[in-house]
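Worksheet: one structure, shown below.
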There are 2 protein chains.
Amino acid sequence: MEDLKRGIPIPTIKRFPSYLRLLRQYLEEGKEMVSATTLAEELGLKPIQVRKDISCTGIEGKPKVGFIISYLIEAIVHTLGWDNATDAVLIGAGHLGSALARYEGFESYGLKIVAAFDIDKDKCGTKLGEVPVFPLESLKGYIKENHVNIGVVAVPAIQAQGIAELLVECGIVAIWNFAPKDLKLPENVVVQRTDLATSFAVLSAKVKRKIANDELSGEVDEW
Amino acid sequence: MEDLKRGIPIPTIKRFPSYLRLLRQYLEEGKEMVSATTLAEELGLKPIQVRKDISCTGIEGKPKVGFIISYLIEAIVHTLGWDNATDAVLIGAGHLGSALARYEGFESYGLKIVAAFDIDKDKCGTKLGEVPVFPLESLKGYIKENHVNIGVVAVPAIQAQGIAELLVECGIVAIWNFAPKDLKLPENVVVQRTDLATSFAVLSAKVKRKIANDELSGEVDEW
DNA sequence: TAGATTGTTAATCGATTAACAATC
DNA sequence: TAGATTGTTAATCGATTAACAATC
């Protein structure tokens, strides 16, 4: 019960997909069991951390051998709620939207982009891979009829806030935002960013730190 | 000195791009000063946190009024190392690679994708927006000649590890990985993922938590 | 001046890590 | 059995938040 309220730590949630990918690979290779030690080694984590993470799924292992791979996979998928496929609409059929619509990996997370919408009338009627593109005007009707509850935003920054508000108005409860803009929405709407700037900022900071440390330790490239 | 070794906290680094976007917008609107309170309000953060973050840039404010916007922008850009443009090569000219090559926002982070590389010979000789596509064989030569030190990986998961190793072999020191695969590389190589699965996992977890909480508090959609 | 905002020091909170007994 | 690995409890670490004096 306490678990429901606070839930699994976000850092743990973020590591789950990595475990999942590796476990699925092991399963394909015909393996049946794996130890936390091995997972840690392969993913550059500490064994204790892997054990703590796994304990969040409720799965128990056997001392000396480890965990049953198929059980772990099932438990992680269930913990993330990826066992029930969720339909999503995509807003924005530009280059990024197009790449997202065609991305095949979503299937394994239980996410299905069922339709795309764009203001550009020329794009309407076309398809992004398997995903049909409709005019933005038909968004509300589509969402209501098909009970979609996730919206993927891939429009230019200037339009993002407006589109997000439109989605909320249409009854969408969760928004996955790829536009470089921080959205201001009611608290009960779940928003998750995938922000290239944020990711690159971390890369930049790490590079800067590395350079600083290299210089401190007197490392040189050539001499 | 201590600062160099440990550096600015990663969570702070992650918030910098959001500050930056907002500050630049304010500057365009002709504003000159802004308080931490206003920034916090607009970004859904707490004022104390914004002040702590700003203190990492070394910028000092004036009680009652706040901070000089242009100084803040300059300081954040400098802190991130975005004041010196960095050249990067892109590996993989598929849909995602194409979207990345055409993305205009990189300019404001000091990142410039100067060339793309692909194994598919049909793609070579074409352009992704302004970015020319070359055969993978010419990667090593290009990197050496042009002193590129960032590699952006946008290839299928199965090829990611191999491509990353190739990049390291070519002398690349930082890799921005968009492939859904955890890379195993020497410690001195800086790796940053932009993993859709991770981002979607967080969204999924938040949705699950929200549903659980809504049920706990007895909220209903319709009755 | 009065009051809002800054900057700093201390308290709290949450995640990671360490230590170690339990177990196969 | 011996030794590797699990699971739990406690210690550490780092970031967030609170409290409050300084300041314009």
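Every chain is numbered from 1, with letters handed out A, B, ... down the list of sequences. Computed from heavy atoms alone, side chains included, the values below leave out hydrogens, waters and symmetry copies.
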For atom [atom1] of [X] and atom [atom2] of [N], their distance in whole Å:
| X | N | atom1 | atom2 | answer |
| --- | --- | --- | --- | --- |
| A/Ile10 | D/dA15 | CD1 | C1' | 16 Å |
| B/Ile68 | C/dT6 | CD1 | P | 13 Å |
| A/Gln49 | D/dG7 | CD | P | 16 Å |
| B/Ile54 | C/dT8 | CD1 | P | 13 Å |
| B/Glu60 | C/dT5 | CD | P | 18 Å |
| B/Lys64 | C/dA4 | NZ | C1' | 5 Å |
| B/Phe67 | D/dT23 | CZ | P | 15 Å |

Show every donor-acceptor pair shorter than 3.5 Å between a side-chain atom in residues 153-172 of chain A and any protein atom, with sequence neighbours excluded, or say none if there are none.
unit_1, atom_1, unit_2, atom_2, d
A/Gln161, OE1, A/Lys184, N, 3.0
A/Gln161, NE2, A/Glu165, OE2, 2.7
A/Gln161, NE2, A/Lys184, O, 3.0

What's the closest nucleotide to the A/Lys62 side chain, out of C/dT6, C/dC24, D/dT16?
->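 The answer is C/dC24.
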
Output the single nucleotide from D/dT16, C/dG7, D/dT6 whose closest atom is nearest the side chain of B/Arg51.
->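 Closest of the options to the side chain of B/Arg51: C/dG7.
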
Can a donor-acceptor pair under 3.5 Å be found between the side-chain atoms of A/Lys52 and the base atoms of C/dT17?
->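 Flag set: donor-acceptor pair detected.
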
Consider only side-chain N and O atoms of A/Ser18 and B/Arg193, and report whether a donor and an acceptor are under 3.5 Å apart.
->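 Looking only at side-chain atoms, B/Arg193 and A/Ser18 do form a donor-acceptor pair, the distance falling under 3.5 Å.
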
Indicate whether the side chain of B/Arg102 and that of B/Ser98 have a donor and an acceptor atom separated by less than 3.5 Å.
->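 Yes - a donor-acceptor pair under 3.5 Å links their side chains.
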
Taking the nucleotide of DNA chain D with the closest heavy atom to each, which residue, B/Pro63 or A/Val65, is nearer the 5' end?
->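 Checking each residue's closest nucleotide, the 5'-ward one belongs to A/Val65.
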
Main-chain N/O of A/Val191 paired to B/Lys206 side chain as donor or acceptor, under 3.5 Å |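 Yes; judged by distance alone, with no hydrogens or angles, the pair exists.
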
For the side chain of A/Asn177 and the backbone of A/Lys181, is there at least one donor-acceptor N/O pair under 3.5 Å apart?
->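 Confirmed, A/Asn177 side chain pairs with A/Lys181 backbone.
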
Give me the residues of residues 30-48 of chain A where at least one heavy atom lies under 4.0 Å from an atom of DNA chain C, by number, or none.
->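 Residues of residues 30-48 of chain A under 4.0 Å from DNA chain C: A/Lys46, A/Ile48.
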
Pair pattern of DNA chain D in dot-bracket, where unpaired bases get dots and | marks partners in another strand, Watson-Crick or G-U under 3.5 angstrom | ..||||||||||||||||||||||

B/Arg21 and A/Asp195: salt bridge (Lys or Arg N to Asp or Glu O under 4.0 Å), yes or no, with the steps?
-> CA-CA 12 Å; B/Arg21 279 197 288 257; A/Asp195 185 359; 2.8 Å; yes

Sidechain N-carboxylate O distance under 4.0 Å for B/Arg15, B/Asp53 |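 A salt bridge links B/Arg15 with B/Asp53.
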
Do the ring planes of A/Phe106 and A/Tyr103 sit parallel (below 30°), tilted (30 to 60°) or perpendicular (above 60°)?
->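 Answer is perpendicular, since the angle exceeds 60°.
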
Please state whether the phosphate of C/dT16, meaning OP1 or OP2, lies under 4.0 angstrom from any side-chain nitrogen or oxygen of A/Arg15.
->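 Answer yes for this pair, as a side-chain N or O of A/Arg15 is under 4.0 Å from OP1 or OP2.
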
At what distance, to the nearest 0.5 angstrom, does CZ of B/Phe16 lie from CH2 of B/Trp82?
->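 It comes to 10.5 Å.
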
